[in-house]
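Naming: A, B, ... by sequence-line order, numbering from 1 per chain.
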Number of protein chains: 2
Amino acid sequence: MTLSPDTPRLAFADLADALEALRQRGLRVTTPRRLVLEALFAAEVPVSAEHIAQNVNLELTSVYRNLETLEHHGLARHVHLGHGPGLYVLIGRGEREFLSCERCGAVRSLTTEQLDPIRDRVRELYGYEARFSHFPIVGLCPDCAQRREAAS
Amino acid sequence: MTLSPDTPRLAFADLADALEALRQRGLRVTTPRRLVLEALFAAEVPVSAEHIAQNVNLELTSVYRNLETLEHHGLARHVHLGHGPGLYVLIGRGEREFLSCERCGAVRSLTTEQLDPIRDRVRELYGYEARFSHFPIVGLCPDCAQRREAAS
DNA sequence: CGCGCTATTGGGAGTGCCTTGCATTAGTGG
DNA sequence: CCACTAATGCAAGGCACTCCCAATAGCGCG
């Protein structure tokens, strides 16, 4: 699957690249590893370990272990969108951040730069270095916010 | 606007007040209930159910159930500060919000108004109604941010 | 290509944080 | 002080991982 031309350049353009990177780091390219990576490449939204395990028919344990090593080697990361399991995404295809709706579960994807003004404001007001990449902002999406306002 | 009977605003200054409010709502004032409430009044930071259970020597189950009913009746709420158990706080004594440090666990307490500029910015940029009250902003406190910068 | 070294795997058990079910206990209004 | 039923204690269950270990299978080497 080719990347759209406007997608930022990245370290791991495709599966083969990523696998090569792993091999170079002394990691073995096993079938489960490859399948997990494939699942991440195929996903357009963050996915749970459970989801991957079901899809590619792997032991959940193995999926978690692979996600962990992918994270450790900078190929993937996970976010906590409210309650529920952690969700995993590939790194390197243009960094994404997320806003999630507590009510309907909608996930809005943003570029890192889009959240910079928020991070800047938090830093400037409270000195905290907000890292929404791991614990994103949770709230109500425009639709749910409106619906709730109408109901009151 | 009209007061919805199932979401009344409870105002209570102390334990006796809170217990009276519960009684008025048809809830029984039992020893475990009173102990959980006392623990919340005593805590100056958000506390876990486990913490309460240990302190007042109650069944964890009972603590969870009581926290749930206190939440349901608007006397308490909980926040998720990064990983780890949910942490409970009383409401009605001046609303607090939190900023937590992913590295050292430090929790900075703020008034709701202090976070309003951030919420406003999120709304104005993305239309999301950020609700940091349930999933607060997680990041690095000034100390940890500096330490990390120095290390790089 | 075969061999050996060891990273990785499957599967099972364990942990943390709750949630549910149920028989028993104890607040409360009458 | 009685009856009614909310609330409790205890046991079990559930979700999201995390750990352990014997068996397997990549990978470098000859």
Side-chain angles (χ1 to χ4, degrees), chain A residues 15-16 18-39 46-73 75-89 100 105 134-135, chain B residues 15-16 18-39 46-73 75-88 105 134-135:
Chain A
L15 184 62
L19 293 176
E20 193 43 44
L22 289 177
R23 228 182 307 254
Q24 229 112 62
R25 306 282 227 105
L27 296 172
R28 293 181 184 175
V29 174
T30 63
T31 306
R33 192 104 87 203
R34 195 173 36 70
L35 289 172
V36 168
L37 222 20
E38 276 173 14
V47 289
S48 68
E50 181 69 44
H51 173 94
I52 296 176
Q54 307 263 252
N55 267 274
V56 300
N57 195 38
L58 280 177
E59 276 298 310
L60 190 51
T61 314
S62 187
V63 173
Y64 273 112
R65 269 186 306 225
N66 274 301
L67 288 171
E68 193 191 350
T69 83
L70 292 178
E71 261 193 290
H72 188 248
H73 289 87
L75 288 158
R77 67 184 183 88
H78 74 274
V79 294
H80 297 280
L81 292 177
H83 298 119
L87 304 177
Y88 294 78
V89 246
S100 87
H134 189 197
F135 290 101
Chain B
L15 184 62
L19 293 177
E20 193 43 43
L22 289 177
R23 228 181 308 251
Q24 228 111 62
R25 294 178 121 269
L27 295 172
R28 293 180 183 175
V29 174
T30 63
T31 308
R33 191 104 87 203
R34 194 174 36 71
L35 288 173
V36 168
L37 221 21
E38 277 173 14
V47 289
S48 67
E50 180 69 43
H51 174 93
I52 296 176
Q54 306 261 254
N55 266 274
V56 300
N57 196 38
L58 280 177
E59 275 298 308
L60 190 53
T61 313
S62 187
V63 173
Y64 273 113
R65 269 186 303 226
N66 274 302
L67 289 170
E68 194 191 348
T69 84
L70 293 178
E71 260 192 291
H72 188 247
H73 289 87
L75 288 156
R77 66 183 184 89
H78 74 275
V79 294
H80 297 280
L81 292 176
H83 298 119
L87 304 177
Y88 295 77
H134 190 198
F135 290 101

Engineer: Would you mind reporting whether A/N55 and A/V47 have side-chain heavy atoms less than 4.5 Å apart?
Structural biologist: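 No. Closest side-chain heavy atoms not under 4.5 Å.
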Engineer: Locate the shortest heavy-atom distance separating A/V63 from A/A49; write the atom from each residue and the value.
Structural biologist: CG1-O, 3.6 Å
Engineer: Any idea how A/F135 and A/H80 line up, ring-wise: parallel (<30°), tilted (30 to 60°), or perpendicular (>60°)?
Structural biologist: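 Judged by the thresholds at 30° and 60°, the geometry between A/F135 and A/H80 is parallel.
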Engineer: Taking atom NE2 as the centre, does A/H83 end up with more than 12 heavy-atom neighbours from other residues, nucleotides or ligands that are less than 6.0 angstrom away?
Structural biologist: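 Counting other residues, nucleotides and ligands, NE2 of A/H83 exceeds 12 neighbours.
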Engineer: Please work out which of the three classes, parallel, tilted or perpendicular, describes the rings of A/Y88 and A/Y64, given edges at 30° and 60°.
Structural biologist: perpendicular
Engineer: Given atom CD of A/E71 and atom C1' of D/dT18, what is their separation to the nearest angstrom?
Structural biologist: 14 Å
Engineer: A side-chain contact here means heavy atoms from C-beta on lying under 4.5 Å apart; do A/H73 and A/L27 qualify?
Structural biologist: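 Of all side-chain heavy-atom pairs linking A/L27 with A/H73, at least one is under 4.5 Å.
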Engineer: Once you round it to whole Å, what is the distance between C1' of D/dA6 and CZ of B/R25?
Structural biologist: 16 Å
Engineer: Quick one: A/L70 CG to C/dT8 P, roughly how many Å, whole number?
Structural biologist: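 After rounding, the reported distance stands at 11 Å.
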Engineer: So which heavy atom on A/A39 is nearest to which on A/I52, and how close?
Structural biologist: CB-CG2, 3.8 Å
Engineer: Which whole-number value in Å describes the distance from A/N57 CG to C/dT9 P?
Structural biologist: 15 Å
Engineer: Atom CG of A/L19 and atom P of C/dA7: how far apart are they, to the nearest Å?
Structural biologist: 19 Å
Engineer: Whole angstrom is fine here: how far is it from CG in A/L67 over to P in D/dT18?
Structural biologist: 11 Å
Engineer: How does protein contact run along nucleotides 14-19 of chain C, one letter per nucleotide 5' to 3', with B for base contact, S for sugar-phosphate only, - for none, heavy atoms under 4.0 Å?
Structural biologist: ---SSB
Engineer: Please confirm whether any donor atom in the side chain of B/R65 sits under 3.5 Å from an acceptor in the base of C/dG21, or the reverse.
Structural biologist: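 Yes.
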Engineer: Treating primed atoms plus P, OP1 and OP2 as sugar-phosphate and everything else as base, which nucleotides of nucleotides 23-29 of chain C get B, S or - for protein heavy atoms under 4.0 Å?
Structural biologist: ---BBS-
Engineer: Find the distance B/H72:NE2 to D/dA6:P and express it as a whole number of Å.
Structural biologist: 14 Å
Engineer: Is the shortest side-chain N to carboxylate O distance from B/E20 to B/R23 below 4.0 Å?
Structural biologist: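 B/R23 and B/E20: salt-bridged.
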Engineer: Grab the CZ-P distance between A/R34 and C/dA7 for me, whole Å please.
Structural biologist: 21 Å
